[in-house]
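Written below as structure tokens is the structure these notes are about.
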Amino acid sequence: MAILKIARMGHPVLRQPAAAVDDVSIPEIARLIGDMIETMVDAGGIGLAAPQVHAPLRLVVFQVPAMRDDAGEGLDLTILANPEIEPLDDEQVSAFEGCLSLPGLTGAVPRHARIRYRGLGADGRPIERIASGLHARVVQHECDHLKGVLYPMRMTDLTSFGFADEIRRAAAQL
Ligand code: NI
């Protein structure tokens, strides 16, 4: 396995729609999945989409640490190919996000509060889940990468956009 180079905002690979994964079981895809997990863990992220490592394929990996989960449960590492998302209602919630392709930056992004998502796992079996909270947010963020969408393009209030350490420092002074 290998740690891959992460594309940063401005690189064209992040703006192009990704292609479907035809077969998750082939060795090239298994290797890419392993490398994506290693790269995400090394970078301290909770999600990574294949276009971020210069592979324009509909493939994402993500996890939710229990300590950052509203329900306190967390979510084990999930590999999802060819994902589809369906909002369960009209409610949107705004919360700060970061992205390994925009290092050091953060911003508040409105997302669907509750979603259903489907896709294929690394073993080729279908995955279907209902998600809310950070789980729903990370899935929407990662799947946006497959459409060439980065989180600032979803922001409705750019006054919340900035460097994470400055925003944390300002918040601590309140
Ligand atoms: Ni991202």
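Remember, it's 1-based here, ligands and their atoms both numbered in the order they're listed. Index from 1, following the sequence.
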Given 3.5 Å as the limit, does a donor-acceptor pair link the side chain of Arg129 with the main chain of Tyr117, or not? no

Salt-bridge present (Glu166, Arg169; N to O < 4.0 Å): yes

Salt bridge or not for Arg154 and Glu97, using N-O below 4.0 Å? no

Could you walk me through whether Leu150 and His145 pass the side chain to side chain contact (heavy atoms under 4.5 Å, CB included) test, one step at a time? CA-CA 6 Å; Leu150 298 172; His145 279 295; 3.3 Å; yes

Anything protein N/O/S under 2.8 Å from the Ni ion (ligand 1)? Just list residue and atom, please. Cys99 SG, His141 NE2, His145 NE2

Where is the tightest heavy-atom contact between Ala113 and Ala136, given as atom of each residue plus distance? O-CB, 3.9 Å

Quick one, Leu32 with Leu57, criterion side chain to side chain contact (heavy atoms under 4.5 Å, CB included). Give me CA distance, side-chain angles, the key distance, then yes/no. CA-CA 10 Å; Leu32 174 61; Leu57 293 169; 4.0 Å; yes

